[in-house]
Each structure stands twice: as C-alpha cells, then as structure tokens.
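Some notes on the structure that comes next.
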Amino acid sequence: MESTNPEAEKYREFMEKVERTVYIDTLPPQANESVLKTGLDQFGDVKNISFIPNYMDPRNSMRCALVEMKDPNQAKNVIKTLTDSPFMIAGMPRPVRVLPAELEMFDDRPRKPGRKITFKWLEADHPDLKVAKDMKRAVVRHATEAALAHKQHLEEEEKLHKQQVEILKANYKKYEVVDGVISDGTAQRVAKRYGMRVADD
Amino acid sequence: MAEVDDPSRIEFQWLKKRGLGGKNHNIQFYESFIYDGEKYTLYDSVYMHRDNVDEPDIGKLVRLWEDPQGHKKCRILWYFRPWEITNYSRGETFPKNELLLAAGEGVGLYDVNPLEAIAGKCKVVCTSRDSRNPQPSKEEIIGADFIFNRAFDVGRCKIVEKMDDKIAGVETKLLFNKVGKRPIPSTITPSVENSKSSKDVLKNKECLKKRKLEREDTKPAKLPKPSPVQSTDERKRVDNKGPEAISIEERRSRWCEEQPWDQAMEDGYVNGSLVLLLNLDPSYTSDEVKELIKNALKENCSAKMVQRTAFSSPHFGQAFVNFSSKEVAGRVVVKLDRHCLVLPGGRPLVGRLASIAFKGKQSPFFGHFAIDKLKYQMQREKREAVSTSHCSQPNTIEHEMATEWALHQARVNLTWEAIHKQQGEELKRLRDRFKSV
C-alpha cells in the first residue's frame, strides 16, 4: 500500500532526478542555457538546465545552475572531469565548480511524503524559552557571519582578478616587444651579427 | 471563452511604440499592447491583481514600458473604492459603482507594476460635468463597470470635485473619457430613455442594477460585447457559475502564476511587506512554509524557499514570505521576535524584514577577462578557444591562472567548512539544552 502511494512515488522519482543532476557555480552572467548546454553536452546528454536565482544577494552577478544529465553515471562523469582539470565556461581563466546536486537546491522539490509540520508557541513561563531565544540570536549571528565571509571572499576574488589583469598586461607588453623587434628587422640584424638563425621554419 | 482551453500560452504583443527614455535612453515606452486577445491602450482602466486580496484593485494605465532587461512595466494611477477611504469620507454614502480617481501628491497616487499584474480590462466611465470631459452617453454609463466623477487627494486626504490640470504628471484631459470611441448600441432600451441625466442614474442604484440585468439578457444582439471582467457585484450575482465567471477566475489564477516571483519580491521589498524567515528545516517546500505561516500566524502570504547553493548553511534553510502589507509584515516580525514559535527539530523560527538591495550596480563577475586583453596570447596559444567552453591546457598562462582560481576556491571551501562546523556545534549545544521540544 505504501509503496504505491502516489506521493511517495513522486518523491522517489524526484530523488532519482537529483541523482542525475549536477550543481555548477562560479558561472559568469553571460553563461546562459545554450552556452551551458553546448559546454556540457560533450560529457553526456544534457536533459534540462535551470538557474538558481540569487535572491540573497541580487547584486552578485555570479550564476549557479542545476544541470540534469541523462543518468547518474553521466552526472558523476561530469563532476569528475570538471573537478580534475579546470574547465571554463563563457570566459576565462576562472574555472567553474561542479558538485553533486542536493534536494534542497531544487525549487520544484516535492514535500516529504507524510510530513506534517507541527509548531508550538512557547508560553512566557515555558522552561525552554530562554534557550529558544538564545538559539534565535545564534541563528541571526550565524547569518551575519556568513554574509561577512561571503563579502570577504568577494574582495579576495576582486584582488586576484586585478592581479591577473596586471600579469596579463605585462605579458601582452612582452609579446608586443617581441613582435616589434621581429617585424622591424631588429631581430634579424642581431641574429646576423651573431650568426644565428631566427626563422621559425 | 476560448483561452480557457489552452492555459499554457498567452498571447502578448506590444503594439504602438512611443519614444525612448530613461537615463541611458534604453527604456522603450509604448502606447498599446495586446494581451490574451485583448487590446490595452494608454489611459484604459484595468483590474489589477493583488495577492491575497479578493477584490481586485482598479487603476488607469498612464505609462507603459519595457526596460533593457525585458521587464514589462506599467504605471498605474489608482482609483479608490469608497470603502478604502471611509476614514475621510465623513459617513457619506456612495453609489455602489462609484470610484474616486487618485489625485494630489503623496503615497497611493500611483504605483509601478509588472504588466503581468493586470487582471483584465475594466470599463470605467467619467461622469464629471467638467467641461474638459467628453460627456458619456447614457448607454455608456449603464454599460460601465464603474463610474467616477470626483477625485481623492492622497496628500490632503480629501475628496475633491474639481480636478487639477495635471494628475501624476498626466494631463487631466487624457484621464477623462476618450473622444471618438463611443460604442453605439443598435437599439436603446426604453428604460434608458426614461432616465433624465447621468446623475439620476447614479442615484438610483436599484434601477441601475435592474437595467444592467436587462442588458445581460439582451446582450448578444443589441449591445457591444461586455468587458471580459465584469464588475464585482455583477460577478456575485452570477454566483461564479456562469462561463464568464469561471473564465475570470481562470484568467486571474493564470495571471497569478505568471507574475514572476522576482518582481513580486522586489515590490514586497519596496513596500516593506517582505520578510525573511531563518532557521527553517532546509527541506521544507515553499508551499509548506506558506501553510505554516497560515496555521501558526493566521496570515496569508506568498512564500519562496531560498534554494540551497554551495554557499548556503547546511544547518538551516531560509525563505522569503511576502505579505499583503507592511503592517502585516511588521506584526509578524514583532510576534516572532517577542514570542517563540518552535518548529520540529528544536527550531525557533526567526523572522526579519528583508533587507536586500535590488537596485544599484551589479557587482562584476571576477575572474573573466575581456577578450581584447587576451588578443596576443590567443594568437600564440589557442585562438579558437576564446569563449567556447573548454579545459585549459597545462602549458598556457591561462592554465596557471585557472590554477590560482582553483586554489582560491579551495581556500574558500575550507573557510566555509570551518564556519559551518563551528556554527553547527553551537546550534547542537543549544538544542541539547531543550527540555521538552
């Protein structure tokens, strides 16, 4: 009787979907569905993609997505491949991060079969009132701590970003100089002077 | 109605364009659009859907636009229902179908809404004797869902007979009846002939009602098609059984689904009716949260569980709940703060007014560089790989940089692990102190 319960059946089906889905983040804002699909189709068959809206920090442009593959093996394969070597989607050089999806990441998750949420208002003289209040304060503090950590991480990212831009600029300059001496003939003249070959061939 | 058959797709199309506007000249204004087979034009009156409220609000479309993000918006100049202003109307009794146009300056004059919140067209006729107002025909008045001939000044909280030249930046003459759009019925019923003036019609509500009924009886042949959404009292009379009534409900529920939560949330935030709940079991669904609030706090709301990401706390879930007003939201927050609502698993619920900044500059995505900076590198390395998805090759500068990001990610992961471990332990210690929950 219980095994044929439609609610339980729906839940079980949903858990199967979770199994074959991967969570991807550190995606740039321009990584849309088609970009993501093209990028990941090489590791299996992408069945469905949904983005997780960022309501907690709408100004952060980083995107997170859930990508449903054909089966759990494909999902595992995606996670392994993309964790073993840096994989970039819609930009570089920051790689994406891939993790197994979890039930709580889905907006359309069904309710746990048979669950009934009970609740209790604590009276003013209830023995647990103090600890409940302590816990409420702790939860608020934890949320603040998390927000601070998040902010700090973003600052670190900005710093790394700037650093890399500088490195890249220096690199660019180096190539320019190299190209410059080759195209204006300086390299050839110097090579001739010292009796060296410079041609690539 | 036909649209009931196919609830999945609703036709939408902008029609006539107006100019561009906004700071960056990237907002396109419009004059009209088609939605679900109905044409809407500026200064039309519409029913506006509002969550948890049975009677729809009514307003006039005074501006229509689409922003660069593709959000379709409208500015609605409100009408007041007489019962909304009973505090200021000094016991005056109003004809049942009278509305008062919002005027003056202050809160409640107009609002910006997503276009999707429009629940249907509403026939509102202006019966003001004002010389600027093209006088309506008797048939128009009888065919109208509502009439208005006065305004309610939201700043002074007073009913005013004479309207200023401009209301909410719109020339008042545009807010009166439209010229040249009179529907001409093929026959005029004798009862209409009898009525002396529009005022008489209004004074005699019963008479009006009766005529409305007559109109319904004779509607197919003699009068123009009634508007899709009938006035509320008419709806009550058909007892929600007629085909019209069902389609209204259908239509509204579909609108309701369509209204993007994002927009509702942003509006809720602006209005102060949005609350963030913390310390929920992370596996709760949005519906369960909604039911919980209904059962425990006796308030209606729309709810959205925040979807977990790799950054979320594994110890508790969060949800946004949007109430019908700032007052309700305030009440809920105070109640949750002063008292303790304990949920299964020893979780006292925490509620805070949501303080998320929707507006403002979006932070850039760190870690991706513009292509031109990479031009040189590309020529030497892998030109074709610019923006396609790929694994980096170990002998490139790109790979080196990617590794730096991976390192950063690993560090971040460790920090989160440490934070969550410490927070989990603290919560567990607290939970162990519970005696009875």
Side-chain angles (χ1 to χ4, degrees), chain A residues 25 28-29 39 52 55-56 58-62 64 85-95 97 99 102-105 107 109 111-112 117-122 127-129 131-136 138-140 142-143 145-146 149-150 153 156-158 160-161 164-165 168 171-172 175, chain B residues 262 265 278-279 282-283 285 288 292 296 306-311 313 316-317 320 339-344 348 350 356-358 360 362-369 373 376-377 387 389-392 397-398 401-406 408-409 412 415 419 423 426-427 430 433-437:
Chain A
D25 69 5
I52 300 181
Y55 293 129
M56 301 305 293
R59 280 190 286 182
N60 190 345
S61 58
M62 187 192 88
C64 312
S85 55
F87 187 78
M88 292 138 205
I89 292 178
M92 49 193 283
R94 189 177 181 184
R97 163 176 55 177
L99 296 167
E102 294 165 50
L103 174 75
E104 291 83 6
M105 294 173 168
D107 192 35
R109 58 181 181 253
R111 358 179 130 205
K112 244 184 200 149
I117 303 177
T118 54
F119 60 88
K120 187 159 130 190
W121 285 101
L122 299 188
D128 284 335
L129 192 68
V131 62
K133 288 205 161 169
D134 285 351
M135 196 184 261
K136 286 204 285 191
V139 164
V140 170
H142 290 175
E145 280 169 9
H150 199 67
H153 293 154
E156 284 168 18
E157 282 167 20
E158 184 170 11
L160 183 56
H161 180 95
Q164 292 195 339
V165 168
L168 217 53
N171 220 37
Y172 180 98
Y175 286 135
Chain B
D262 299 37
M265 200 166 112
L278 295 93
N279 208 15
S283 71
T285 65
E288 281 173 313
L292 175 72
V306 175
Q307 288 165 261
R308 172 183 285 180
T309 64
F311 311 99
S313 162
F316 60 81
F320 284 103
H339 308 278
C340 278
L341 176 64
V342 184
L343 305 179
V350 177
I356 0 150
F358 289 93
Q362 258 218 337
S363 70
F365 179 78
F366 298 119
H368 283 180
F369 307 132
K373 285 188 192 121
Y376 263 83
Q377 189 195 359
S387 51
S389 308
H390 63 285
C391 284
S392 66
I397 190 170
E398 177 202 71
M401 289 178 164
T403 311
E404 283 178 353
W405 281 105
H408 163 80
Q409 187 67 57
V412 167
T415 333
I419 292 174
Q423 293 184 342
E426 188 183 348
L427 290 174
L430 282 165
R433 277 168 51 203
F434 272 122
K435 293 183 185 69
S436 64
V437 186

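In what follows, every chain begins at residue 1, and chains take the letters A, B, ... in the order their sequences are listed. The basis for the numbers below is simple: all heavy atoms, side chains too, and nothing from hydrogens, waters or symmetry mates.
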Rounded to the nearest 0.5 Å, how far does [atom2] of [Y] lie from [atom1] of [X]?
X        : Y        : atom1 : atom2 : value
B:Leu427 : A:Asp134 : CG    : CG    : 11.5 Å
A:Met105 : B:Arg308 : CE    : CZ    : 7.0 Å
B:Gln409 : A:His153 : CD    : NE2   : 9.5 Å
B:Thr309 : A:Glu104 : OG1   : CD    : 12.0 Å

Short question: side chain of B:Glu288, backbone of A:Ile117 - any donor-acceptor pair under 3.5 Å?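 The answer is no, because no donor-acceptor pair under 3.5 Å joins these two groups.
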Ignoring hydrogens and angles, tell me if any N or O in the side chain of B:Trp405 forms a donor-acceptor pair with the backbone of A:Met92 under 3.5 Å.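 Here the side-chain-to-backbone pair does not exist.
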Report which part of [X] has an atom under 4.5 Å of a heavy atom belonging to chain A: side chain, backbone, both, or neither.
X        : result
B:Thr415 : side chain
B:Ile419 : side chain
B:Gln423 : both

Locate the shortest heavy-atom distance separating [X] from [Y]; write the atom from each residue and the value.
X        : Y        : result
A:Pro93  : B:Phe369 : CD-CE1, 3.3 Å
A:Pro127 : B:Lys435 : O-NZ, 4.1 Å
B:Ala310 : A:Arg97  : CB-NH2, 3.3 Å
B:Pro348 : A:Lys136 : CB-CG, 3.7 Å

For the interface with chain B, which of [options] has the highest count of heavy-atom pairs at distances below 4.5 Å?
options                              : value
A:Met62, A:Glu102, A:Arg111          : A:Arg111
A:Leu160, A:Ile52, A:Leu99, A:Leu129 : A:Leu160
A:Pro29, A:Gly39, A:Pro28            : A:Pro28
A:Asp25, A:Val131, A:Val140          : A:Val131

Are [X] and [Y] packed together at the side-chain level, in the sense that at least one heavy-atom pair is separated by less than 4.5 angstrom?
X        : Y        : result
B:Val342 : A:Asp128 : no
B:Cys340 : A:Lys133 : yes
B:His339 : A:Leu122 : no

Proximal component of A:Arg109, with respect to chain B [non-hydrogen, under 4.5 Å]: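 Both the backbone and the side chain of A:Arg109 come within 4.5 Å of chain B.
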Could you give me the CA-CA distance, side-chain angles and deciding distance for A:Met56 and B:Phe311, then say whether side-chain contact (heavy atoms from CB on, under 4.5 Å) is met? CA-CA 11 Å; A:Met56 301 305 293; B:Phe311 311 99; over 6 Å; no
Please identify each residue that fulfils side-chain hydrogen bond (donor to acceptor under 3.5 Å, both in side chains) with A:His142, with sequence neighbours left out.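 Once residues adjacent in sequence are excluded, the partners of A:His142 under the side-chain hydrogen bond (donor to acceptor under 3.5 Å, both in side chains) criterion are B:Glu426.
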Identify, with sequence neighbours excluded, every residue that meets side-chain hydrogen bond (donor to acceptor under 3.5 Å, both in side chains) alongside A:Glu157.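 In terms of side-chain hydrogen bond (donor to acceptor under 3.5 Å, both in side chains), with neighbours along the sequence ignored, A:Glu157 is linked to A:Arg94, B:His408.
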Below 4.5 Å, heavy-atom pairs only: which of B:Thr403, B:Leu341, B:Val350, B:Val306 has the largest tally toward chain A?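 The residue among B:Thr403, B:Leu341, B:Val350, B:Val306 with the greatest pair count is B:Leu341.
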